[in-house]
Amino acid sequence: MFKTRLLSGIVLVIIAFATIFLGGDVLFATLLIISLIGVSELYKVVKIEKAPLGIVGYIGVVAYYFLIRAQKKEDLMMFAIILLILVMAVYVFAFPKYVSEQVMTAYFGVFYVAIMLSYIYQTRLLKDGLFLVGLVFLCSWGCDTCAYCVGVLIGKHKIAPKLSPKKSIEGGIGGLAGAALLGALYALAINKWGGASAGVGEYALICFVGGIISMIGDLAASAIKRNHEIKDYGKLIPGHGGILDRFDSVIFTAPVIYYLAVALM
């Protein structure tokens, strides 16, 4: 199981960075597909993945992505309102087929998965975006890996015993320190071999803050699973589960990295 998880994790990292490097339509299409799969996994939890309510959500995901592809950010509030009206229309005209939790999940899923993940694409469009977007995965998966290693070695005090009994405060501190260190090393590496002019301190700070947010994202996804008594969101990625199981921290980290990069760079 560990070997399968490790191998699939390495393959996933290679695919992620290859897609980031290519950027453009390749990154856009990849994120759109990942978002649709992730939304379907969330909808499956409340059993609307094949229902009209879920279909409205999928249409919302596609519509949103093409809005940001066309750089129509000024229309996003209108999009949010129209999506809400459509979701509530299905709720009303199909009543009492759906319960309120399903309706709220249909709307929430578009924001939680699709909009949050889209910031990977938006970060890639920034100046030096090729380098900055790597921080999304570096602080998310790097923090997770460092936290796991430190937690296994010296973890004693549980950070959220009822929600995730294996996660420790010591592991969390180790994860944040590891994320900051990885951010600094990444800046040094891209400066030397990539011709970048990245600030070592800025990259370390971004990864540190991103690491904090990534842990919240990880625990938030776990909370949803605990509430619905499921182990994994899916089985797409061997040893990891579904898209939401592997991208739970990335979902939260992506927009934070984007706004930190805009503020600090």
Side-chain angles (χ1 to χ4, degrees), residues 1-17 20 34 38 41-42 45 116-117 120 133-189 200-201 203-254 256-257 260:
M1 182 66 176
F2 176 76
K3 289 183 178 180
T4 301
R5 182 181 176 86
L6 178 62
L7 180 61
S8 62
I10 292 172
V11 171
L12 193 61
V13 169
I14 293 172
I15 293 173
F17 279 91
I20 287 169
I34 288 174
E41 290 176 352
L42 185 64
V45 173
M116 299 283 270
L117 278 178
I120 296 173
V133 74
L135 295 174
V136 174
F137 299 95
L138 191 65
C139 68
S140 299
W141 294 344
C143 180
D144 184 49
T145 301
C146 292
Y148 173 79
C149 293
V150 174
V152 168
L153 290 174
I154 61 172
K156 292 181 180 180
H157 302 88
K158 305 302 179 185
I159 194 169
K162 291 185 178 180
L163 183 56
S164 187
K166 292 183 179 180
K167 288 182 172 59
S168 65
I169 294 174
E170 293 84 357
I173 294 172
L176 295 178
L181 178 60
L182 287 171
L185 293 174
Y186 178 67
L188 291 171
V200 175
Y203 272 48
L205 176 61
I206 289 174
C207 276
F208 180 82
V209 176
I212 296 173
I213 303 302
S214 75
M215 288 192 285
I216 295 174
D218 186 12
L219 291 171
S222 295
I224 295 173
K225 288 191 287 187
R226 297 292 180 274
N227 280 340
H228 292 274
E229 298 181 345
I230 59 174
K231 184 179 183 296
D232 295 314
Y233 285 103
K235 299 179 181 179
L236 182 64
I237 307 171
H240 293 271
I243 288 294
L244 294 183
D245 296 294
R246 182 64 279 186
F247 284 81
D248 50 6
S249 56
V250 174
I251 285 171
F252 273 57
T253 304
V256 172
I257 297 300
L260 282 174

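Predicted model, so just to flag it, every value in this text is computed and none were measured.
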Legend entry - Smallest separation among heavy atoms of Cys146 and Gly175, with atom names: CB-CA, 3.8 Å
Legend entry - side-chain contact (heavy atoms from CB on, under 4.5 Å) evaluation trace for Ile224 with Leu244: CA-CA 11 Å; Ile224 295 173; Leu244 294 183; over 6 Å; no
Legend entry - Closest contact, heavy atoms only, Tyr233 versus Ala221: OH-O, 2.9 Å
Legend entry - Check: Arg246 main-chain N/O paired with Trp141 side-chain donor or acceptor under 3.5 Å: yes
Inset, instruction - Any chance you could measure Ile213, atom CD1, to Ser140, atom OG, to the nearest 0.5 Å? - result: 10.5 Å
Legend entry - Glu41 side chain vs Ile243 backbone, donor-acceptor pair below 3.5 Å: yes
Inset, instruction - Supply the atom-to-atom distance Phe247 CZ to Leu117 CG, rounded to the nearest 0.5 angstrom. - result: 7.0 Å
Inset, instruction - Specify the closest pair of heavy atoms between Gly134 and Tyr186, including all atoms of both residues, with the distance to one decimal. - result: CA-OH, 3.9 Å
Inset, instruction - Could you tell me which non-hydrogen atom of Ala180 sits nearest to which non-hydrogen atom of Phe208, and how far apart they are? - result: CB-CB, 4.2 Å
Inset, instruction - Look up atom SG in Cys207 and atom CG in Leu176, then write down how far apart they are to the nearest 0.5 Å. - result: 11.0 Å
Legend entry - Donor-acceptor contact present, side-chain Ser214 to main-chain Gly211, <3.5 Å: yes
Legend entry - Least distance between heavy atoms, Met116 atom then Ala254 atom: O-CB, 3.6 Å
Inset, instruction - Mind jotting down which residue pairs meet the side-chain hydrogen bond (donor to acceptor under 3.5 Å, both in side chains) criterion with at least one end in residues 217-226? Sequence neighbours excluded, please. - result: Lys167-Asp218, Lys225-Asp245
Inset, instruction - Would you indicate whether the side-chain heavy atoms of Val256 and Val209 approach each other to under 4.5 Å? - result: yes
Legend entry - For the student: nearest non-hydrogen atoms of Val136 and Ile120, plus distance: CG1-CG1, 4.2 Å
Inset, instruction - To the nearest 0.5 Å, tell me how far Ile212 CD1 sits from Cys139 SG. - result: 10.5 Å
Inset, instruction - Kindly compute the distance separating CG (Asp248) from CG (Asp144), expressed to the nearest 0.5 Å. - result: 8.0 Å
Inset, instruction - Could you tell me the separation between the OH atom of Tyr148 and the CG atom of Leu153, rounded to the nearest 0.5 Å? - result: 10.0 Å
